[in-house]
Amino acid sequence: MPRPLPENLDLSRLPRHVAIIMDGNGRWAQRRGLSRIEGHKRGKDSVRAVVEASRRIGIEYLSLFAFSTENWERPRREVDALMSLLQRYLRTELHRMMKNGIRLVAVGDLRRLPPRLQADLEATVQATRNNRDMTVVLAVSYGGREDIVQAARALAQAARDGRIDPERIDASTFAAYLSTAGIPDPDLLIRTSGELRISNFFLWPLAYSEIYVTDTLWPDFREAEFYQALIAYQQRERRFGRVPAERERERLRVAR
Ligand code: FPP
């Protein structure tokens, strides 16, 4: 039985895109005298819980920072364990993605992944590409700066080949060269484990996202806290660099 939704969660005002930095697996494990890998295993259960909760309430896009370009520097054993966990996740979740209409998109430097994981990722992306109910964006071997650099390189190449006029490059042209092209910018970024950093995640797409940070470690972050983050988001006023809507209306009244 799914738990009842919180009464103060307004399903008509959900963020369209939620992005998550899933942090704190290592600390969760160390506090229990377990290996860091146990923390990642438990973190996989939180991934499943948050994907299911998002699908249930109608979030359109959910992005998960599963492995950063910097994570390659971790001990070999931990990197290998994370790669196998991702692979196992793809294999066990495919039927659920198909049943629930979930499309999987992968962003990052996928060529660095072990060939078997690359193949599974590609197969899952292909198998789910026509699913329409929700999109899960998996950021693997992803770095925000690296994505901006590869976009700049591709644009420079296009300009050199005469396919694009440098004078006409604007923010939307640039965004079309990022690996996140076609995905709306996140409305809400959630980061677990209390760190106040972006950590080279979606640098460009996060320009105007609301940020919610919780001290809860990722393996303990489940459905109930996810809803709390959405409720906190609904209490924010998003201005995108403009003045608050009500103050602007007041200003116009006074000026008249
Ligand atoms: C950060 O915790 C987490 C990661 C580097 C990996 C995230 C991976 C998972 C949640 C598991 C599998 C993912 C999927 C999509 C199935 P940390 O190790 O940096 O924790 P710490 O800061 O406490 O050391």
Side-chain angles (χ1 to χ4, degrees), residues 18-55 59 61-97 100 102-110 112-114 116-118 120-125 128 134-144 146 186 189-202 213-223 225-226 229:
V18 179
I20 308 186
I21 300 178
M22 312 180 286
D23 195 15
N25 294 349
R27 273 162 286 171
W28 183 92
Q30 276 157 359
R31 282 180 197 171
R32 287 161 179 77
L34 301 169
S35 79
R36 299 174 52 82
I37 293 164
E38 290 305 313
H40 297 313
K41 283 188 187 157
R42 181 68 180 243
K44 189 156 74 84
D45 299 336
S46 296
V47 169
R48 181 180 296 136
V50 169
V51 170
E52 278 184 8
S54 300
R55 170 70 183 82
I59 299 280
Y61 291 85
L62 177 71
S63 290
L64 301 168
F65 200 9
F67 193 89
S68 70
T69 43
E70 292 74 23
N71 288 155
W72 288 113
E73 308 303 323
R74 292 194 177 196
R76 176 76 193 270
R77 219 170 75 83
E78 185 173 344
V79 170
D80 288 350
L82 277 165
M83 295 297 133
S84 334
L85 264 181
L86 280 167
Q87 187 148 13
R88 229 171 305 143
Y89 175 79
L90 295 173
R91 291 192 175 173
T92 57
E93 294 304 301
L94 180 59
H95 75 281
R96 222 187 293 256
M97 290 184 202
N100 291 326
I102 295 174
R103 172 172 76 121
L104 186 83
V105 170
V107 295
D109 187 357
L110 308 181
R112 290 185 75 181
L113 300 175
R116 278 188 333 159
L117 176 56
Q118 270 184 54
D120 277 5
L121 207 44
E122 178 58 27
T124 314
V125 166
T128 62
M134 179 174 135
T135 299
V136 171
V137 180
L138 212 51
V140 245
S141 187
Y142 178 88
E146 289 72 9
L189 170 72
I190 298 175
R191 179 165 189 151
T192 57
S193 95
E195 310 290 353
L196 304 174
R197 287 190 290 274
I198 301 288
S199 296
N200 203 18
F201 191 24
F202 284 167
V213 176
T214 171
D215 286 336
T216 303
L217 303 177
W218 177 251
D220 290 328
F221 188 92
R222 298 292 162 97
E223 197 182 353
E225 181 141 9
F226 182 59

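FYI, side chains are in, hydrogens and waters are out, and symmetry mates aren't considered; it's all heavy atoms of this structure. We count ligands from 1, going down the list as the structure has it; atoms in each ligand are counted the same way.
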> Of E195, R197, R191, which is the lone residue that meets side chain to side chain contact (heavy atoms under 4.5 Å, CB included) with I21?
Replying inline: R191
> Only one of R27, M22, R42 clears side chain to side chain contact (heavy atoms under 4.5 Å, CB included) with W218; which?
Replying inline: M22
At less than 4.0 angstrom from any non-hydrogen atom of [X], what atoms of ligand 1 do you find?
X: N71; value: 5 (C)
X: L138; value: 15 (C)
X: L86; value: 14 (C), 15 (C)
X: R27; value: 21 (P), 22 (O), 23 (O)
X: R36; value: 17 (P), 18 (O), 24 (O)
X: Y89; value: 16 (C)
X: W218; value: 10 (C)

Students should be able to answer this: which protein heavy-atom is nearest to [atom], and at what distance?
atom: atom 20 (O) of ligand 1; result: G26 N, 3.0 Å
atom: atom 11 (C) of ligand 1; result: H40 O, 3.5 Å
atom: atom 9 (C) of ligand 1; result: N25 ND2, 3.7 Å
atom: atom 6 (C) of ligand 1; result: A66 O, 3.3 Å
atom: atom 1 (C) of ligand 1; result: M22 O, 3.1 Å

> Using the ring of each side chain (for Trp, its six-membered ring), is F201 parallel, tilted or perpendicular to Y142, with breaks at 30° and 60°?
Replying inline: perpendicular
>> Under the salt bridge (Lys or Arg N to Asp or Glu O under 4.0 Å) definition, can you give me all pairs with a residue in residues 63-74, not counting sequence neighbours?
In response: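 Non-adjacent pairs meeting salt bridge (Lys or Arg N to Asp or Glu O under 4.0 Å): R74-E78.
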> What do you reckon, does S193 put a non-hydrogen atom under 4.0 Å from ligand 1?
Replying inline: no
>> Could you check whether any heavy atom of L64 sits closer than 4.0 Å to an atom of ligand 1, since that is the contact criterion I want to use?
In response: no
> Would the number of heavy atoms belonging to other residues, nucleotides or ligands and lying under 6.0 Å from CZ of R77 be above 12?
Replying inline: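 Open.
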Between [X] and [Y], is there a donor-acceptor pair closer than 3.5 Å when you use the side chain of the first and the backbone of the second?
X: S141; Y: G108; value: no
X: T214; Y: T192; value: no
X: T216; Y: F221; value: no
X: T128; Y: L104; value: yes

> Between R74, M83, Q87, R31, which one has a non-hydrogen atom sitting closest to atom 18 (O) of ligand 1?
Replying inline: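 Checking each option, the heavy atom nearest atom 18 (O) of ligand 1 is found in R74.
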> Taking only residues two or more places apart in sequence, or in another chain, which ones meet T124 in a side chain to side chain donor-acceptor pair (under 3.5 Å)?
Replying inline: none
